[in-house]
Q: 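Following this message is one structure expressed as structure tokens.
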Amino acid sequence: MTDNDPADDTPANDAQSSADRSVTINRVIEASPERVYEAFVDPDEYAAWLPPEGFSGEIHEFDATEGGTFRMTFNAESEELEPYASTFYGTFEELIPGERIVYTEQFEGDETGMAGEMTTTITFEAVSGGTELVVTQAGIPEAIPPEDAAEGWNDSLDNLARIVE
């Protein structure tokens, strides 16, 4: 290979991360697993903490039962972020209070880069000092870089901690 070979510019793990289209975020929240879980299944609290920085949340539908559905909009708080505002909907697949939540979701609209179904799995484990939360989101649409999804989840979990701690 020569110095001008484009393959030299691509780290080996880039191909894996773009094919994987998933992120996993770990966080310890200083509250009980039951309290943290409740913030995921209460529509008012969910709308308050889930939107990342620069967005507010609007719940249109929220049935936190297994097989129940939800629909939510992230509204941009500035013109600069308006292109990133979105409405999404999904289904609660598994709800085990204080232990585990699994739901699927997808974005509304016909933008091909946002197509597809994501699966999000959240586990709650009591640890010294609170709850270890592990969030795994798989099937992230092509238009969303996984590192942006991770940044969004980190913003959301910062918001969650402020509400439940």
Side-chain angles (χ1 to χ4, degrees), residues 13 17-18 20-66 68-78 80-107 114 116-165:
N13 63 358
S17 65
S18 63
D20 187 20
R21 310 297 307 159
S22 69
V23 296
T24 298
I25 307 297
N26 295 63
R27 178 76 60 95
V28 173
I29 304 283
E30 295 177 11
S32 71
E34 294 76 19
R35 175 64 186 104
V36 179
Y37 177 91
E38 184 61 32
F40 275 84
V41 297
D42 177 286
D44 294 330
E45 287 191 334
Y46 197 68
W49 69 260
L50 185 65
E53 186 177 338
F55 293 89
S56 62
E58 180 181 356
I59 299 282
H60 307 288
E61 174 185 346
F62 198 89
D63 176 10
T65 59
E66 285 190 8
T69 59
F70 64 90
R71 184 171 171 264
M72 181 176 190
T73 298
F74 283 170
N75 296 304
E77 295 176 344
S78 69
E80 175 186 344
L81 293 173
E82 190 59 42
Y84 305 103
S86 59
T87 299
F88 52 96
Y89 61 95
T91 302
F92 291 100
E93 302 292 332
E94 184 178 357
L95 293 165
I96 302 172
E99 294 181 25
R100 182 178 164 94
I101 297 174
V102 178
Y103 61 86
T104 59
E105 65 186 317
Q106 51 194 320
F107 291 96
M114 296 294 281
E117 184 176 82
M118 294 180 285
T119 300
T120 302
T121 302
I122 303 107
T123 59
F124 308 80
E125 183 178 339
V127 295
S128 177
T131 300
E132 181 178 14
L133 196 61
V134 179
V135 177
T136 301
Q137 189 169 46
I140 298 168
E142 291 295 322
I144 301 173
E147 55 273 10
D148 287 1
E151 182 179 339
W153 270 108
N154 279 309
D155 281 355
S156 297
L157 295 179
D158 289 346
N159 297 336
L160 173 64
R162 282 191 287 277
I163 287 175
V164 302
E165 290 184 343

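In this text the structure is predicted, and so the values were computed from the model without any measurement.
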Q: What's the separation between atom CD in E66 and atom OG1 in T91, rounded to the nearest 0.5 Å?
A: 12.0 Å
Q: Which heavy atom of P51 sits nearest a heavy atom of S56, and at what distance?
A: CG-C, 3.6 Å
Q: Could you tell me the separation between the CG atom of L50 and the CD1 atom of I59, rounded to the nearest 0.5 Å?
A: 8.0 Å
Q: Quick one: side-chain contact (heavy atoms from CB on, under 4.5 Å) partners of T120, sequence neighbours excluded?
A: Y103, E105, I122, V135, Q137, W153
Q: Indicate yes or no: at least one non-hydrogen side-chain atom of I144 is less than 4.5 angstrom from one of M114.
A: yes
Q: Fit a plane to each ring of F70 and F92, take the angle between them on a 0 to 90° scale, and name the class: parallel (under 30°), tilted (30 to 60°) or perpendicular (over 60°).
A: tilted
Q: Distance check, rounded to the nearest 0.5 Å: F55 atom CZ versus E77 atom CD?
A: 8.5 Å
Q: Answer yes or no: are there more than 12 heavy-atom neighbours, outside E53 itself, under 6.0 Å from its atom CD?
A: no
Q: I need the minimum non-hydrogen distance between I163 and A48, along with the two atoms involved.
A: CD1-CB, 3.8 Å
Q: Could you please spell out the steps behind the side chain to side chain contact (heavy atoms under 4.5 Å, CB included) verdict for L160 and L133?
A: CA-CA 11 Å; L160 173 64; L133 196 61; 3.8 Å; yes
Q: What's the shortest heavy-atom distance between R21 and P141, and which atoms?
A: NH2-O, 2.5 Å
Q: Assess the side chains of T73 and N75: does a donor N or O sit below 3.5 Å from an acceptor N or O?
A: no
Q: Do Q106 and Y89 have side chains that get closer than 4.5 Å, going by heavy atoms?
A: yes
Q: State the CG-CD1 distance between L157 and I25, to the nearest 0.5 angstrom.
A: 7.5 Å
Q: Looking at every heavy atom in both I140 and A149, which two are closest together, and how far apart are they?
A: CD1-CB, 3.7 Å
Q: Please verify the inter-ring angle class for Y46 with F62; under 30° counts as parallel, over 60° as perpendicular, anything in between as tilted.
A: tilted
Q: Pair E151, N154 - check side chain to side chain contact (heavy atoms under 4.5 Å, CB included), show working.
A: CA-CA 5 Å; E151 182 179 339; N154 279 309; 5.7 Å; no
Q: Determine, step by step, whether M118 and F107 satisfy the side chain to side chain contact (heavy atoms under 4.5 Å, CB included) criterion, reporting the C-alpha distance in whole Å, the side-chain angles of both residues, the deciding distance to 0.1 Å, and the verdict.
A: CA-CA 9 Å; M118 294 180 285; F107 291 96; 3.5 Å; yes
Q: Name all residues meeting the salt bridge (charged side-chain N to carboxylate O under 4.0 Å, His left out) criterion together with E99; count only those two or more places apart in sequence or in a different chain, and write none if there are none.
A: none
Q: Show the nearest heavy-atom pair for residues I29 and A161, with the distance to one decimal.
A: CD1-CB, 3.9 Å
Q: Could you tell me the separation between the CD atom of E30 and the CZ atom of R35, rounded to the nearest 0.5 Å?
A: 14.0 Å
Q: Other residues, nucleotides and ligands only: do more than 12 of their heavy atoms fall within 6.0 Å of CD on E82?
A: yes
Q: I need the minimum non-hydrogen distance between A31 and V36, along with the two atoms involved.
A: CB-CG2, 3.9 Å
Q: For the CD atom of E125 and the OG1 atom of T123, what is their distance to the nearest 0.5 Å?
A: 7.5 Å
Q: If a pair satisfies ring pair (Phe, Tyr, Trp, His ring centres under 6.0 Å) and one of its residues is in residues 116-137, list it, with sequence neighbours excluded.
A: Y37-F124, F40-F124
